[in-house]
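See structure below.
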Amino acid sequence: MRNCLRALSRLGPALAGAACATLLALACKPADKPTTGFKVALLTPGPISDQSWNGGAYAGLLRIRDSLGASISHIQTKTPAEFEENFRQYGAQGYDLVFGHGFEFQDAALRVGPEFPKTVYVATSGNRAQGNVAGMVFGFEDPSYLAGIVAGSMTKSNVVGEIGGTELPPVKSSFSAFENGARSVNPKIRILTSFIGNWDDATAGKEQALAQISRGADFIFQNADAAGLGVFSAARERTGVLVFGSNSNQNSVAPDVIIGSVVIDLPHAFLTVAREVKEKRFTPRVIELGTASEVVTYVPNPALESRVPVAVKAAVDSARAKLRAGTLSPLPPASR
């Protein structure tokens with residue numbers, strides 16, 4: 001400051017006076033106010049480039065931003081310690097709503113939630129609610145059952161496969177529904193199941209798929225996020241193998257081998273919750289979104305629609321109507 005004043009003295013009275021006025025104005029300018037308004041954050045367990053589970057969640061975050069004018073933030077987490085750390089960080093920063101995207105975030109949300117009662121924490125695929133912590137359960141079993149009907153009806157080898165990231169309860173439940181759907185039309189079918197152990201390794205996903213194909217699988221239902229991209233790659237290298245997309249509509253990701261996708265409309269689900277929170281009418285609860293909500297659905301791939309027999313399409317439509325009406329359960333009795 002002393003050097004600055006010395007320099008100003010050389011400018012002459014008029015210029016020095018103007019410069020001093022400018023400096024005083026800047027010095028007296030109030031500090032920038034902290035970000036205000038509706039603030040929403042998202043934690044994902046994997047990269048949003050997976051074109052599946054995490055990518056769909058990020059699309060939901062962007063829709064909240066665009067539709068509700070929210071300030072948003074996203075962090076990819078890898079360990080349970082990071083789950084808590086970032087939940088706590090967003091609570092301290094005054095975020096209104098924080099999504100932990102996956103069943104694995106539920107325990108961390110329940111631990112951190114009481115520390116920040118003004119922040120709503122939502123664990124997707126979570127099945128518990130407490131205080132300001134809510135769960136969001138997607139009826140993924142319904143469209144998984146329909147995918148099973150397609151695979152069980154169209155398989156030529158009577159062998160189909162399932163490949164998951166890790167053995168989380170929602171993944172195992174969707175596999176059980178897929179198996180039930182396949183066996184409802186083909187009691188003789190044999191089903192191969194394997195888990196990669198992570199959600200990111202596309203090379204491992206491809207290896208698992210090739211191993212199942214070598215054992216006769218000609219349809220594979222994958223629920224493996226970024227690792228699932230390797231399953232598509234494997235199907236492209238083998239003649240006569242078709243696969244299912246999952247979580248997002250992945251039909252365009254590999255249109256030559258994806259027969260259809262088991263879809264969760266995550267943007268619609270996220271926006272519905274965010275609007276309730278912003279309008280101060282959200283009640284923490286376990287939010288159940290099934291076929292009737294149109295958040296989950298089975299979407300055939302238009303590029304391969306001609307390969308699906310009319311009778312199979314009719315069976316899928318009939319089962320979908322029964323699922324929507326509640327007269328058909330996607331899970332076998334032992335799994336309910």
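Side-chain atoms are counted along with the backbone in the values below, which use heavy atoms only and exclude waters and symmetry mates. Nothing fancy with the numbering, it's 1 onward along the sequence.
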Set of residues satisfying side-chain contact (heavy atoms from CB on, under 4.5 Å) with respect to Q106, sequence neighbours excluded: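 Only F103, L110, A123, N127, R128 meet the side-chain contact (heavy atoms from CB on, under 4.5 Å) criterion with Q106.
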Does some side-chain heavy atom of [Y] sit less than 4.5 Å from a side-chain heavy atom of [X]?
| X | Y | value |
| --- | --- | --- |
| V160 | F178 | yes |
| F83 | D107 | no |
| N301 | P255 | yes |
| Y95 | Q89 | no |
| Y58 | T44 | no |
| E294 | H268 | no |
| V295 | I264 | yes |
| L42 | I72 | no |

List the steps and the verdict of side chain to side chain donor-acceptor pair (under 3.5 Å) for N198 and D200. CA-CA 6 Å; N198 66 75; D200 306 325; over 6 Å; no
Do any N or O atoms from the side chain of [X] and from the backbone of [Y] form a donor-acceptor pair under 3.5 angstrom?
| X | Y | result |
| --- | --- | --- |
| Y121 | F87 | yes |
| S173 | P170 | no |
| S157 | V159 | yes |
| S248 | Q250 | no |

Counting heavy atoms not belonging to [X], are there more than 12 under 6.0 Å from its [atom1]?
| X | atom1 | result |
| --- | --- | --- |
| R307 | CZ | no |
| K313 | NZ | yes |
| F116 | CZ | yes |

N-O pairing of D96 and K278 below 4.0 Å: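 No, no charged N to carboxylate O under 4.0 Å.
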Look at the rings of F270 and H101 and say which category their plane angle falls in: under 30° parallel, 30 to 60° tilted, over 60° perpendicular.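 Plane angle over 60°, so perpendicular.
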Here's a test for you: under side-chain contact (heavy atoms from CB on, under 4.5 Å), which of N223, N54, D50 qualifies with W199?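 Going through the options one by one, the only one that passes is N223.
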Side-chain donor-acceptor pair under 3.5 Å between S73 and Y90, yes or no?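 Yes, a side-chain donor-acceptor pair sits under 3.5 Å.
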